[in-house]
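Just so you know, ligand 1 is whichever comes first in the structure, and atom 1 is the first atom listed for that ligand. Residue numbers start at 1 and run along the sequence shown. Owing to the predicted nature of the structure, the values given are computational and were not obtained by experimental measurement.
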Amino acid sequence: MPANKTSNPQPKDLLAWYDRHRRRLPWRALPGQTADPYAVWLSEIMLQQTTVAAVKPYFERFLSRWPTVSALASADLDDVLTEWAGLGYYARARNLHACANIVTDEHDGVFPKAEDALLALPGIGPYTAAAITAIAFGRKAVVVDGNVERVMARLYAVEEPMPNVKGQLKTLAANLTTDERPGDYAQAVMDLGATVCTPKSPSCVLCPWQKPCLGHHLGIASELPRKAPKKERPTRRGICFWLTRSDGAILLHRRPTRGLLGGMMEIPSTPWRNSSWGKEEAKTHAPVNITQSKWRSLEGVVSHTFTHFHLELQVDAAPVANWRAKDIGQDKDFVWAHLDALGDFALPSVMRKVVKHALNVGY
Ligand code: SF4
């Protein structure tokens with residue numbers, strides 16, 4: 001045992017640090033103010049898988065456009081998806097809208113206080129339920145995100161690799177969670193992880209828990225938590241069809257509601273699969289029947305990385321003269337859009353890249 005390990009970590013030391021160094025965040029109540037459960041929930045959903053810096057402008061736009069949960073519930077889902085575009089993980093936006101409707105219709109527009117009632121709402125998992133319970137309602141709850149896991153692994157020098165060690169880290173976090181100021185304590189551990197106990201180089205000299213921190217004393221803090229070797233992400237491939245009408249409009253398609261990028265708009269494409277596409281074979285998936293000689297393959301590919309795979313999209317372009325509705329089967333999921341109106345559509349980041357690519361190569 002290191003000679004200078006003198007005590008167990010004390011929540012009160014962290015709370016005292018938090019009172020001096022808390023981050024000012026747009027969704028966070030100032031000292032003495034009461035937290036708004038709607039703002040806490042909205043921010044927590046947005047922050048899943050996304051950084052604070054990326055979330056801030058989205059949060060402010062959402063709150064100004066839909067200032068209450070009931071206002072968000074009565075919004076059109078398409079408008080919500082459009083405002084969300086660029087934030088990624090679009091199932092979150094659909095769940096956000098569904099959750100707002102349930103809170104409005106079944107809970108009179110008031111978020112339930114009990115953690116298990118929160119867990120029953122769409123898009124709210126154990127972490128988010130605990131965060132809302134602690135931050136919005138000031139009730140004791142064990143809030144564990146990546147920041148908290150990192151702090152616990154270092155504080156107690158837990159060397160087993162993630163993700164198998166998650167349960168142990170949660171138990172350690174639970175043992176340390178205090179009845180005193182539960183909302184502040186939850187945010188304090190997160191702030192410590194985000195600003196002091198950072199992933200690559202923790203600033204232990206600034207840390208209120210330096211004295212009891214085993215990882216620091218053993219000189220292994222920056223290596224923790226250890227990670228199991230990552231599985232290689234496969235690369236999937238597809239061909240997008242950049243179809244332009246004589247007035248310059250391009251053809252967009254709405255993806256099925258369920259599944260990846262559900263309900264978002266896209267440049268129509270082949271399915272995405274692990275093997276390459278032959279030109280002829282790919283064209284059987286084109287929404288309009290055009291002779292092969294009219295197609296032009298644009299130079300280069302569009303690359304995008306999702307959580308579980310890399311995607312490479314080739315873009316093939318063709319003009320659509322004399323277009324008639326029946327050419328695309330009068331499918332309501334297809335729409336012609338002018339380039340200057342693309343901002344009105346919920347185009348995910350990968351499809352914005354496709355648009356940029358097509359325009360960059362001068363099509
Ligand atoms: Fe993290 Fe260092 Fe504080 Fe330990 S002493 S909790 S490693 S910042």
Side-chain angles (χ1 to χ4, degrees), residues 1-25 27-28 31 43-44 47-56 126-128 130-131 133-135 138 140-230:
M1 185 66 60
N4 51 352
K5 191 244 171 196
T6 55
S7 60
N8 290 321
Q10 296 300 324
K12 68 176 169 45
D13 294 334
L14 184 67
L15 284 167
W17 170 86
Y18 181 71
D19 288 338
R20 293 193 304 278
H21 300 291
R22 57 193 290 153
R23 287 179 294 173
R24 289 176 75 91
L25 300 171
W27 45 86
R28 191 175 269 184
S43 65
E44 289 298 340
L47 285 164
Q48 292 166 6
Q49 319 276 357
T50 313
T51 63
V52 164
V55 162
K56 277 181 184 171
Y127 161 76
T128 308
T133 303
I135 300 168
K140 184 177 174 183
V142 183
V143 183
V144 183
D145 68 352
N147 283 322
V148 178
E149 286 174 341
R150 185 168 59 255
V151 172
M152 293 303 130
R154 290 171 174 177
L155 211 46
Y156 297 100
V158 178
E159 296 206 53
E160 293 82 1
M162 297 282 273
N164 291 353
V165 79
K166 274 176 174 280
Q168 186 185 340
L169 297 177
K170 185 163 188 182
T171 303
L172 291 168
N175 292 342
L176 202 48
T177 300
T178 174
D179 285 325
E180 196 187 336
R181 298 166 58 191
D184 285 348
Y185 176 76
Q187 293 174 100
V189 192
M190 289 183 211
D191 278 16
L192 188 75
T195 63
V196 174
C197 197
T198 51
K200 288 207 174 88
S201 43
S203 307
C204 301
V205 70
L206 303 174
C207 179
W209 278 341
Q210 182 190 1
K211 218 169 171 184
C213 180
L214 271 178
H216 168 68
H217 290 302
L218 293 170
I220 56 172
S222 60
E223 299 161 27
L224 302 178
R226 299 198 196 285
K227 292 189 181 73
K230 269 195 180 159

May I ask you to test the R181-D19 pair for a side-chain heavy-atom distance under 4.5 Å? yes
Within 4.0 Å of some non-hydrogen atom of C207, the atoms of ligand 1 are 3 (Fe), 5 (S), 6 (S), 8 (S)
Strictly under 2.8 Å, is any N, O or S atom of C213 next to atom 4 (Fe) of ligand 1? yes
For A157 and G215, work out which heavy atoms get closest and say how close. CB-N, 4.0 Å
Which atoms of ligand 1 have any heavy atom of Q210 under 4.0 Å away? 5 (S)
At a non-hydrogen distance cut-off of under 4.0 Å, which region of A221 contacts ligand 1 (side chain, backbone, both, or neither)? side chain
Provide, to 0.1 Å, the distance between atom 1 (Fe) of ligand 1 and the closest protein heavy atom, together with that atom's residue and name. C197 SG, 2.4 Å
Within 2.8 Å of atom 2 (Fe) of ligand 1, is there any N, O or S atom belonging to C204? yes
Whether the Y127 and Q48 side chains hold a donor-acceptor pair (N or O, under 3.5 Å, no angle test) is what I'd like checked. no
Just by distance, do the side chain of H21 and the backbone of A188 share a donor-acceptor pair under 3.5 Å? no
N/O donor-acceptor pair under 3.5 Å between D191 side chain and R23 backbone: yes
